[in-house]
**Student:** 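Provided herewith is a single structure, encoded as structure tokens, for subsequent inquiry.
Lettering of chains follows the sequences in order, A, B, ..., and the numbering in each one begins at 1. What you see is a predicted model; the values in this text were computed from it and never measured.
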There are 4 protein chains.
Amino acid sequence: MPTKRNRILQAAVLRFAEQGFSATGIRDLGSAAGFNSASLYHYAPAGKSEILVMIMTECLEELHKGGRASLQRSADPVEQLRGLVQAHVAITATNPLTASVTDQEVRSIPPGDLDRLMGLRDAYESMFASVLEKGSRVGSFHIRDLTLTRLALLEMCNGVAHWYTPTGRLSIPELEDLFTELAARLVGLEPSGHGPIARYQPTRLATEPDVVLIDT
Amino acid sequence: MPTKRNRILQAAVLRFAEQGFSATGIRDLGSAAGFNSASLYHYAPAGKSEILVMIMTECLEELHKGGRASLQRSADPVEQLRGLVQAHVAITATNPLTASVTDQEVRSIPPGDLDRLMGLRDAYESMFASVLEKGSRVGSFHIRDLTLTRLALLEMCNGVAHWYTPTGRLSIPELEDLFTELAARLVGLEPSGHGPIARYQPTRLATEPDVVLIDT
Amino acid sequence: MPTKRNRILQAAVLRFAEQGFSATGIRDLGSAAGFNSASLYHYAPAGKSEILVMIMTECLEELHKGGRASLQRSADPVEQLRGLVQAHVAITATNPLTASVTDQEVRSIPPGDLDRLMGLRDAYESMFASVLEKGSRVGSFHIRDLTLTRLALLEMCNGVAHWYTPTGRLSIPELEDLFTELAARLVGLEPSGHGPIARYQPTRLATEPDVVLIDT
Amino acid sequence: MPTKRNRILQAAVLRFAEQGFSATGIRDLGSAAGFNSASLYHYAPAGKSEILVMIMTECLEELHKGGRASLQRSADPVEQLRGLVQAHVAITATNPLTASVTDQEVRSIPPGDLDRLMGLRDAYESMFASVLEKGSRVGSFHIRDLTLTRLALLEMCNGVAHWYTPTGRLSIPELEDLFTELAARLVGLEPSGHGPIARYQPTRLATEPDVVLIDT
DNA sequence: GATGAATGAGGATTCATTCAT
DNA sequence: GATGAATGAATCCTCATTCAT
């Protein structure tokens, strides 16, 4: 049984993911969370946008945490990249709606929080940049354009949030495995049987709604 | 000098790309196009959503056309894949705002047009699916999971719309070149000096705004 | 038949005078003027407070005009004071509701207009100050405390707006006459048969509602 | 240290005087008094309007008391009028914010209390009326219009609440003195050296906030 | 005594849309 | 073709108030 605050965040993630932030009204949010719309202001005095900020903060911090863990586990850029990708995919697939909202609603961030949140995101993405750079420098990777490859890699990984559903054919570990291989290919790593990586165990975020699945 | 209709579409693309469809009001659209908001109903009787539909239709049809051209140029899945990626990147980079709106505002499509537009998009994406499948079957590609690879590839390519700016470091042909190589890697093609591809020459869509660049 | 704009201003004055600015809703204003509340934004884009500003501007400018006329008519401070009081009373009694709102709702003036409106009011009140000072200096008036007397005089005159009703016992010219005598007493003028003053003919402001009188 | 009840009344007077009754919220009142808004209902079960009623009752009763004292001190209308004005000015200047609220928020009185409070006010004002009438009848005053003079006199005296600040140039006794003279002039009393009046010693009301003075 | 939680009603304002001109 | 005027519905948010704790 989630906190009332979390019930609100989950309801918000669900609605934001389905309809977008702007198209979601607070009455909508309120009733989805089992509240009167006025009650939301008890939990998020600054209103709808504060709810978005809470959601994004939670997600970006988890990504950041996953990234840091991956970097600390090994000094080898090959292992680091695998770690970054595995963690990203794991977190995204564990919290697809939260990740989707975080990725898509950047333009709805209130001005006062923009710097902090963009700072978090940039710090996270720079982990990818530095790993690619180092791996390229030491000859592990063969990359023609560092920036472009990083962008392509990140888009590919973020994409998971767009299409992943927990009822899909593949389990999250399988997904992680396939994506680490795709990432390896992108950076020009010759296929070699790498040992099993130490998986980052993603957190199921409090913001991620428990989707009721209605199969047809 | 663009048609009045096109002036409206361009203004709409700009606003939709910046603020999102829901967050953009018709008054906003009108004044951006140099019109009174009421005048828009002359060009789009069904209102705001009709404008979105026009934009998406234009973009999806251009992608479709680019895809068909690529498939017809050669029967070799290797060449076909290169063609699909080149065309996609070329179209997206030539019309980044239109492509971005088309990609991001799927949830704002009015119900009556959803089937047609989703049909267009699915038809386009199935070109990628069938090329990957054939290339995999004939041994040109080495793909562990066809579906997943297609999704990853498409997200990577769509991503161009998210970060591309015409003032960037790379020219569009360079971008096409780099992306075709990344795509080749994704599908497990060993690097081999392929001859120059027959470039699909993308259309600058009437919906794509002429961004005024303000250098600082 | 008043302009639509004026119909709105009149309705607003009536409501503001009865209930106060803050206690008056915009729906209330709209329906009192025969409009949907949204329509008010066509005439006062900045909302309720813009309506208040229009009202006050009209009233303060009329007072200013009346004051200037009085000062120009004669150089004698005795005549000038009589003129100021006559004009003030005439304007106030001709537009009692407008004057009342102008006097009582100073705290509801939006910050952006505060300086301008307070400037108008101060300029007007300083006419009284300078007349009192000059009359005192040349020995026409016998005033123990200039500032205090000015304040007392102004409050006395402004008070007309608080209790005056057109159905009262006294006509406006009688009122003017009585008040000029009271003012003369306040400033210590010995009663002497002054000739008839040149009356300032007050403007019936467009903001002043045509009160429907229901006698009981 | 004031009672909690009085802390609430003082906070309310301050806010009502600054912003007006309607524009002041209970949350505002609560936090200004150091309480949660819900706590106010412990002291004023009927809500915001009950607080206003408490304030006004306190003020009107003090005025009434001051008036009665003035009437009882002498039978001479000249002395009575001096007493009424002195007491009024003294009470108003001692409690300017309370008096201001009492004067300005008549329209916010809840219907159930309107009769009682208006009765109090009318009873108080009729003291002025009867003194003027008697003094006029016995030939002490020379008044052209009794009603009008009473209204003018009362407005002049009430006005003190509008502009008086304790940091002003004049002390309260000086103010009383100047106003009794102004009143004497209004009613046509020839200036004659009256002996010192027996001052009514005004009560500092529990509702009057201790204004924190910030000199600049 | 005091308050956090909750709410229905209403606050001002903006919305997309229509239509006479 | 184009627009000013008008509106009903919806927007976000704040209101005064209640009540269990």
**Student:** Respond yes when some side-chain nitrogen or oxygen of D:S39 is under 4.0 Å from OP1 or OP2 of E:dG1, and no when none is.
**Tutor:**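 Checking E:dG1 against D:S39, no side-chain N or O comes under 4.0 Å of OP1 or OP2.
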**Student:** Provide, to the nearest angstrom, the distance between the CG atom belonging to B:L29 and the P atom belonging to E:dA16.
**Tutor:** 8 Å
**Student:** If the condition is side chain to side chain contact (heavy atoms under 4.5 Å, CB included), which residues does C:R7 pass it with, not counting sequence neighbours?
**Tutor:** C:P2, C:K4, C:F35
**Student:** Measure the distance from CZ on B:F35 to P on F:dA2 and round it to the nearest whole Å.
**Tutor:**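 In whole Å, F:dA2 P lies 5 Å from B:F35 CZ.
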**Student:** Whole Å only: how far is the CZ atom of A:R5 from the C1' atom of E:dA6?
**Tutor:**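 In whole Å, E:dA6 C1' lies 18 Å from A:R5 CZ.
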**Student:** Measuring from A:I8:CD1 to A:Q10:CD, what's the distance to the nearest 0.5 Å?
**Tutor:** 11.0 Å
**Student:** Are the side chains of A:R121 and A:M56 in contact, using a 4.5 Å heavy-atom criterion?
**Tutor:**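 The answer is no; the side chains never approach within 4.5 Å.
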**Student:** Under 4.5 Å between any side-chain heavy atoms of D:C59 and D:T207, yes or no?
**Tutor:**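 No, every pair of side-chain atoms sits at 4.5 Å or beyond.
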**Student:** In whole Å, I'd like the distance from the NE2 atom of A:H42 to the C1' atom of F:dT17.
**Tutor:**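 Distance, rounded to whole Å: 15 Å.
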**Student:** Can you check the distance between E:dG1 and F:dT21, where both ends of the measurement are the P atom (answer in whole Å)?
**Tutor:** 22 Å
**Student:** So C:L9 and C:V13, do their side chains get closer than 4.5 Å, heavy atoms only?
**Tutor:** no
**Student:** What is the distance, to the nearest angstrom, from the CG atom on D:L40 to the P atom on E:dG4?
**Tutor:** 13 Å
**Student:** Do A:I109 and A:M118 have side chains that get closer than 4.5 Å, going by heavy atoms?
**Tutor:**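 Result yes, sub-4.5 Å side-chain heavy-atom pair found.
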**Student:** Under a 4.5 Å cut-off applied to non-hydrogen side-chain atoms, are B:L205 and B:I55 in contact?
**Tutor:** no
**Student:** Can you run through DNA chain F from 5' to 3' and write each base as (, ), [, ], | or . depending on how it pairs? Watson-Crick or G-U wobble, both distances under 3.5 Å.
**Tutor:** .||||||||||||||||||||
**Student:** Which whole-number value in Å describes the distance from D:I51 CD1 to F:dA16 C1'?
**Tutor:** 12 Å
**Student:** Find out whether A:R204 and A:D210 are in side-chain contact, i.e. whether some heavy atom of one side chain is under 4.5 Å from a heavy atom of the other.
**Tutor:** yes
**Student:** It should be established whether C:Y43 places a side-chain nitrogen or oxygen under 4.0 Å from OP1 or OP2 of nucleotide F:dG4.
**Tutor:**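 C:Y43 to F:dG4 OP1/OP2: no side-chain N or O under 4.0 Å.
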**Student:** Could you run through nucleotides 8-14 of chain E and give me one letter per nucleotide, 5' to 3': B if any protein heavy atom sits under 4.0 Å from the base, S if only the sugar-phosphate is that close, - if neither?
**Tutor:** B-BBBBB
**Student:** Taking side chain as C-beta onward, heavy atoms only, is A:L52 less than 4.5 Å from A:E105?
**Tutor:** yes
